[in-house]
Amino acid sequence: MPSPGGVGRRAGGGVDLSGRWWTAWQTFRDGEEIHSSQEASLEQSGAKIHIEAITRGLPTEEGGYLWWGELQIFDEEIIMGWYVSSEGPVRSKGSLFLALNPHGDRLTGRWVGLSYDGMFIEGWGAVARDEQTALALIERLKKQYPKVA
């Protein structure tokens with residue numbers, strides 16, 4: 001089956017997103033906002049990306065867990081996909097919508113899914129080559145789009 005226009009081409013005209021990255025997430029626990037960061041491995045094959053958390057963003061007792069997911073690059077700028085906990089008792093799972101920076105060095109966007117606080121929880125997400133940049137991107141998104149919960 002042929003791919004729709006833009007699907008299947010490498011991101012950014014040849015940018016390979018494979019490697020170790022840092023993810024940062026705006027999330028909530030008992031209604032309180034939390035920011036977490038965790039190292040993740042990305043393995044790209046064409047327009048498809050397998051992503052897997054290597055470290056926990058928070059201690060287990062604070063809701064931290066390991067996860068993995070699948071992503072797809074569209075039109076060399078949008079990455080959509082899903083994630084799911086890789087740990088048995090954790091129910092967290094959801095969808096990701098991320099924009100690829102034209103330089104291929106960061107992704108920013110939103111997640112929505114089932115979390116500790118319930119169904120349809122959402123927040124900002126960022127992926128960058130270092131932890132400080134990923135966390136700073138969350139703060140920038142919150143200031144740039146203050147009306148988005």
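In this text, all values refer to a predicted model and were calculated from it rather than measured experimentally. Heads up: numbering here begins at 1 and tracks the sequence.
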Ion pair check, R29 and E62, cut-off under 4.0 Å
no
Residues K48 and E43 bridged, charged N to O under 4.0 Å:
no
Short side-chain to backbone donor-acceptor contact, [X] and [Y], under 3.5 Å:
| X | Y | result |
| --- | --- | --- |
| K93 | R91 | yes |
| D16 | S18 | yes |
| Q44 | G46 | yes |
| S41 | E52 | no |
| S86 | L66 | yes |
| N101 | H103 | yes |

How would you list, by chain and number, every residue that makes a side chain to side chain donor-acceptor pair (under 3.5 Å) with S37, sequence neighbours excluded?
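E131.
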Under the side chain to side chain donor-acceptor pair (under 3.5 Å) test, residues paired with E70 that sit two or more places apart:
H50
Any side-chain heavy atom of [X] sitting closer than 4.5 Å to one from [Y]?
| X | Y | result |
| --- | --- | --- |
| W111 | S95 | no |
| K147 | Y145 | no |
| L141 | T108 | yes |
| W22 | Q132 | no |

Least distance between heavy atoms, [X] atom then [Y] atom:
| X | Y | result |
| --- | --- | --- |
| Y65 | S92 | OH-CB, 3.2 Å |
| A40 | I54 | C-CD1, 3.8 Å |
| A128 | A134 | CB-N, 3.8 Å |

Hydrophobic clusters join Ile, Leu, Val, Met, Phe, Trp and Tyr when side-chain heavy atoms are under 4.5 Å apart, directly or via other members; which others share one with L58?
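Members alongside L58: I34.
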Who else is in W68's hydrophobic cluster (ILVMFWY, side-chain heavy atoms under 4.5 Å, direct or via others)?
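Reading the cluster by chain and number, W68 sits alongside W82, V84.
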Of Q144, H35, Q26, which is the lone residue that meets side chain to side chain donor-acceptor pair (under 3.5 Å) with E139?
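Single pass found, and it is H35.
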To the nearest 0.5 Å, how far apart are CH2 in W67 and CH2 in W25?
5.0 Å
Can you name the salt bridge (charged side-chain N to carboxylate O under 4.0 Å, His left out) partners of E87, sequence neighbours left out?
R56
Quick one, T23 with W21, criterion side chain to side chain donor-acceptor pair (under 3.5 Å). Give me CA distance, side-chain angles, the key distance, then yes/no.
CA-CA 7 Å; T23 63; W21 291 77; over 6 Å; no
Looking at E32, I'd like to know if its CD atom is crowded, meaning that more than 12 non-hydrogen atoms belonging to other residues, nucleotides or ligands lie closer than 6.0 Å.
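Open.
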R110 to W124, cation-pi by 6.0 Å centre distance and 45° axis angle:
yes
What residues form a side-chain contact (heavy atoms from CB on, under 4.5 Å) with L71, not counting sequence neighbours?
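Applying side-chain contact (heavy atoms from CB on, under 4.5 Å) to L71 gives I49, I51, I79, L96.
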